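Working notes, structure below.
In this text the structure is predicted, and so the values were computed from the model without any measurement. Throughout, residue positions are numbered sequentially from 1 according to the sequence presented. Only heavy atoms go into these numbers, but all of them, side chains included; no hydrogens, no water, no symmetry mates.
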Amino acid sequence: MGKADGKWDKIFKYTSEPQQENSMSKKKPTAESGDELPFEVNFIEQAEYIDTESFAELTIEHPEEESILRKLMGGGAKLLIGPRGCGKSTLMLKAFHQLLNATPLQALPVYVNFKLALKVEPLYSKGANAPFWFKGWLTLKVIEALRETLIKIPGAVFPHTFPKKDFVERTLTKIEAGITDGAEIDQFSISFLQQIIDEILETNSINRCVLLIDDAAHAFSEKQQEDFFDFFRAIKSKSISPKAAVYPGITSHSPSFQVGHDAEQIDVWVKPFGENYEAFMLALAKKRFEGTQINLIDENKDDIAFLAYCSFGIPRAFLGMLRSIYNSPDTYFNTDNSLSKAQILSLSRSGKEMSHGVYLSLVKKLPSLKSYVDNGGFIYRTILDSVKEFNSGKDRSEQTMQFGIRSPLDANLEKVISFFQYAGLIMSIGDFSRGENGVFSVYEIHIGDLVTDNAIVGRRTKSISLFLEVLRAKKHQTWPRTFSNKILEAAKITGSDFKISLPQCQICGKERPSPEAHFCPYCGGRLKSSSAYEHLVDQDIDVLEISPAMKDRIKNNSQIRKVRDILIDSSREQLMSIKYIKKARAVKIVGAAEEYVS
């Protein structure tokens with residue numbers, strides 16, 4: 001019997017279906033055959049899509065979890081910061097569940113996800129009173145989440161002034177569609193929300209409220225971000241402690257909002273080095289393979305640890321690698337139960353490819369800054385080459401994964417670096433003084449790129465054990481030092497290469513000549529206001545981070561063509577009517593669409 005068949009025989013012993021001689025027992029399912037596998041739901045990568053009953057079973061403890069949760073569940077305003085997929089939602093949901101299940105209930109937890117706040121962004125491009133509508137939308141989203149929390153609390157009493165469910169849902173839909181009038185949301189001010197929360201606390205004898213706002217600050221609408229932080233700052237009170245999950249590098253705070261003064265910032269991106277890191281990631285892998293009867297970790301600990309390092313501290317990337325192994329065991333396993341080293345080395349690239357995909361998506365999401373994204377590709381290559389050159393000829397114990405840039409950074413370079421941080425391509429380590437040579441901002445570069453490019457180890461014959469020797473070595477304070485001008489010169493980029501692009505004509509695609517232009521000089525068409533959200537949802541589903549086979553299956557078996565088609569299928573009925581797409585895959589597809597526009 002082949003290796004893959006042996007694995008799936010073990011899996012099917014533990015499913016609820018009796019083993020009968022039918023088409024399924026004759027042919028074991030794989031990702032290639034299209035079947036949704038029995039434990040595929042274990043590999044859902046986004047915490048907000050995991051069923052409540054499975055959440056505790058599938059999540060593990062963050063290395064700094066006790067400290068982070070104490071801050072999330074306590075008083076004061078906090079900003080949870082980290083790149084996509086680093087675990088912000090998991091920590092927020094853990095805080096929510098712990099507060100909700102405490103006996104007696106000391107704090108009212110409210111979890112609300114603002115992932116689709118960009119739906120309201122078109123109002124900013126239409127000249128409407130967008131801040132008014134957006135803050136009304138924010139207030140109603142919190143009220144909606146308040147209702148969900150109170151339903152979960154036995155015997156909880158709603159104030160008589162609490163808005164009706166149908167009215168809230170209908171008004172949210174109207175705001176998102178831009179068809180409501182001001183009278184409907186006039187009453188939903190921040191002071192009204194504070195009053196409602198205080199009434200709930202008093203009526204139910206609860207001391208305070210912890211407001212957990214996930215996917216809070218959207219990188220692709222600067223004015224909308226500023227309005228959010230005005231809301232965040234205003235909602236804070238003695239009885240209300242707001243917490244928000246944001247991205248590094250690209251979050252725009254309002255002029256009146258000061259990080260450190262108005263809110264403490266908590267970095268949750270796990271540093272990819274040390275025994276604690278390996279233990280954290282290996283525990284995550286064990287959790288997700290529980291029940292499958294595939295003894296992945298005990299038999300292949302070093303290989304999985306290597307993949308964990310190549311995910312660069314981003315659990316979502318690591319889970320994507322584990323999903324690949326689970327979906328196609330015949331590809332990754334040898335006949336002796338060991339993992340194929342060649343296949344693991346190939347799979348190790350997927351972590352850095354995910355981050356590069358997030359980075360390149362900025363061209364669509366921030367078209368006005370296309371030159372920064374494009375030039376960033378050359379800058380990243382230059383930085384990677386500098387680390388590779390620094391490590392060349394050095395003993396493996398002396399090699400580095402870090403680089404330092406003399407402070408202050410060139411403004412254009414700093415913007416590009418912020419994009420790298422958002423995408424998870426480089427991690428800020430901190431500022432270090434080198435005496436007379438000045439202060440250097442030190443960063444670590446994505447380990448997946450260092451491995452793929454032979455920037456560490458440096459041998460033509462790649463070996464997982466040699467890579468692990470470098471990755472596990474004690475970190476030291478020696479790294480290549482450089483300056484902004486040297487990076488730009490090496491990348492052959494000048495200041496004039498960075499420019500802000502004006503929106504394109506919606507008809508011919510040419511850049512408009514000036515912000516004030518009403519007609520396109522190339523095709524004569526009327527120029528419309530530019531909306532980031534409308535631009536994103538109008539993209540073909542080819543832009544989404546799902547497999548090409550899945551994209552083809554969706555297009556060939558449904559009317560879904562654009563990102564908006566997935567987002568409006570709120571019940572996922574259209575997706576789940578497609579052969580081989582059930583709950584787990586529908587969740588992954590919808591998650592990819594929501595991530596793309598958030």
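- Atom CD of Glu389 sits in a sparse spot, with 12 or fewer heavy atoms from other residues, nucleotides or ligands closer than 6.0 Å.
- Using modelled atom types, no side-chain atom of Ser346 and backbone atom of Gln343 make a donor-acceptor pair closer than 3.5 Å.
- Taken from CD in Glu398 to NZ in Lys474, the straight-line distance is 13.5 Å, to the nearest 0.5 Å.
- Under the 30°/60° scheme for interplanar angles, the aromatic rings of Phe228 and Phe114 are found to stand perpendicular.
- Here the OG-CG distance, from Ser340 to Leu345, works out to 8.5 Å after rounding to the nearest 0.5 Å.
- Panel note: side chain Ser324, backbone Gly320; a donor-acceptor pair is recorded below 3.5 Å.
- Shown here is Glu65, whose CD atom has more than 12 heavy atoms of other residues, nucleotides or ligands within 6.0 Å.
- Between Lys88 and Asp214 there is no salt bridge, since no side-chain nitrogen of the basic residue lies less than 4.0 Å from a carboxylate oxygen of the acidic one.
- Between His446 and Ser355, some side-chain heavy-atom pair lies under the 4.5 Å cut-off.
- Judged as a ring pair (Phe, Tyr, Trp, His ring centres under 6.0 Å), and not counting sequence neighbours, Phe419 has no contacts.
- Put simply, CG on Leu91 and CD on Glu61 are 10.0 Å apart, with the number rounded to the nearest 0.5 Å.
- You'll find the ring centres of Trp269 and Phe312 inside the 6.0 Å limit.
- Figure legend: cation-pi geometry between Lys287 and Phe289 absent, as NZ or CZ is not positioned both under 6.0 Å from the six-membered ring centre and within 45° of its axis.
- With contacts defined as side-chain heavy-atom distances shorter than 4.5 Å, the pair Ile240/Val210 does not qualify.
- The shortest heavy-atom contact between Pro63 and Asn276 is CG-O, 4.5 Å.
- Ring pair Phe432/Phe440: centre-to-centre distance not below 6.0 Å.
- Residues Asp330 and Ser328 are in side-chain contact: their nearest non-hydrogen atoms beyond the backbone lie under 4.5 Å apart.
- Taking OH from Tyr111 and CZ from Phe96, the interatomic distance works out to 9.5 Å, rounded to the nearest 0.5 Å.
- Summarising the local packing, NZ of Lys236 is surrounded by more than 12 heavy atoms from other residues, nucleotides or ligands at distances under 6.0 Å.
- Between the side chain of Arg396 and the backbone N or O of Leu471 there is no donor-acceptor pair closer than 3.5 Å.
- Residues Ile487 and Phe403 form no side-chain contact, since every pair of their non-hydrogen atoms from C-beta on lies 4.5 Å or further apart.
- Nearest heavy atom pair, residue His62 against residue Val268, reads NE2-O, 2.9 Å.
- For the pair Leu488 and Asn375, the minimum side-chain heavy-atom distance is 4.5 Å or more.
- Of the charged side-chain nitrogens involved, at least one lies within less than 4.0 Å of a carboxylate oxygen, so that Asp267 and Lys271 count as a salt-bridged pair.
- The heavy-atom pair separating Ile464 from Asp302 by the smallest distance is CG2-O, 4.3 Å.
- Counted within 6.0 Å of CZ on Phe378, heavy atoms from surrounding residues, nucleotides or ligands total 12 or fewer; the atom is thus considered open.
- Within a 6.0 Å radius of NZ in Lys394, more than 12 heavy atoms belonging to other residues, nucleotides or ligands are found.
- Between Arg472 and Glu278 there is a salt bridge, since at least one side-chain N of the basic residue sits less than 4.0 Å from a carboxylate O of the acidic one.
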Determine, stepwise, if the pair Arg434 / Arg406 fulfils side chain to side chain contact (heavy atoms under 4.5 Å, CB included). CA-CA 10 Å; Arg434 284 295 181 262; Arg406 171 80 175 268; over 6 Å; no
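- Taking both residues in full, the closest heavy atoms of Ala145 and Val112 are given as CB-CB, 3.8 Å, listed atom of the first, atom of the second, then distance.
- With Asn300 contributing its side chain and Asp303 its backbone, the two residues share no donor-acceptor pair below 3.5 Å.
- Pairing each heavy atom of Ile546 with each of Ala592, the nearest pair is CG2-CB, 4.0 Å.
- Looking only at side-chain heavy atoms (C-beta outward), Leu347 and Tyr332 come within less than 4.5 Å of each other.
- Aromatic pair Tyr380/Tyr359: centroids not less than 6.0 angstrom apart.
- The backbone N or O of Gly313 sits less than 3.5 Å from a side-chain atom of Tyr277, completing a donor-acceptor pair.
- With Thr400 contributing its side chain and Gln402 its backbone, the two residues share a donor-acceptor pair below 3.5 Å.
- Between Ile68 and Leu80 the shortest side-chain heavy-atom distance falls below 4.5 Å.
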Any chance you could lay out the side chain to side chain contact (heavy atoms under 4.5 Å, CB included) test for Gln98 and Met73, step after step, and finish with the verdict? CA-CA 9 Å; Gln98 284 196 28; Met73 296 189 295; 3.5 Å; yes
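- Classification of Asp453 and Arg381 as a salt-bridged pair holds, one side-chain N sitting under 4.0 Å from a carboxylate O.
- Under the 4.5 Å side-chain criterion, counting only non-hydrogen atoms from C-beta, Tyr422 is in contact with Leu362.
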For Val387 and Trp479, run side chain to side chain contact (heavy atoms under 4.5 Å, CB included): C-alpha distance rounded to whole Å, both residues' side-chain angles, the deciding distance at 0.1 Å, then the answer. CA-CA 8 Å; Val387 175; Trp479 22 259; over 6 Å; no
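- Remark: the backbone N or O of Gly76 is paired with a side-chain donor or acceptor of Lys243 at under 3.5 angstrom.
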Report the C-alpha separation of Leu466 and Ile456 in whole Å, then their side-chain angles, then the decisive distance to 0.1 Å, and conclude whether the side chain to side chain contact (heavy atoms under 4.5 Å, CB included) test is met. CA-CA 9 Å; Leu466 291 179; Ile456 53 175; over 6 Å; no
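- Between atom OG of residue Ser311 and atom CG of residue Leu319 there is a gap of 9.0 Å, rounded to the nearest 0.5 Å.
- Within the 3.5 Å criterion, the main-chain N or O of Pro109 finds a donor-acceptor partner in the side chain of Thr149.
- A distance of 8.0 Å separates CG of Asn334 from NZ of Lys341, quoted to the nearest 0.5 Å.
- Nearest approach of Asp431 to Ser441, heavy atoms of both residues: OD1-OG, 3.0 Å.
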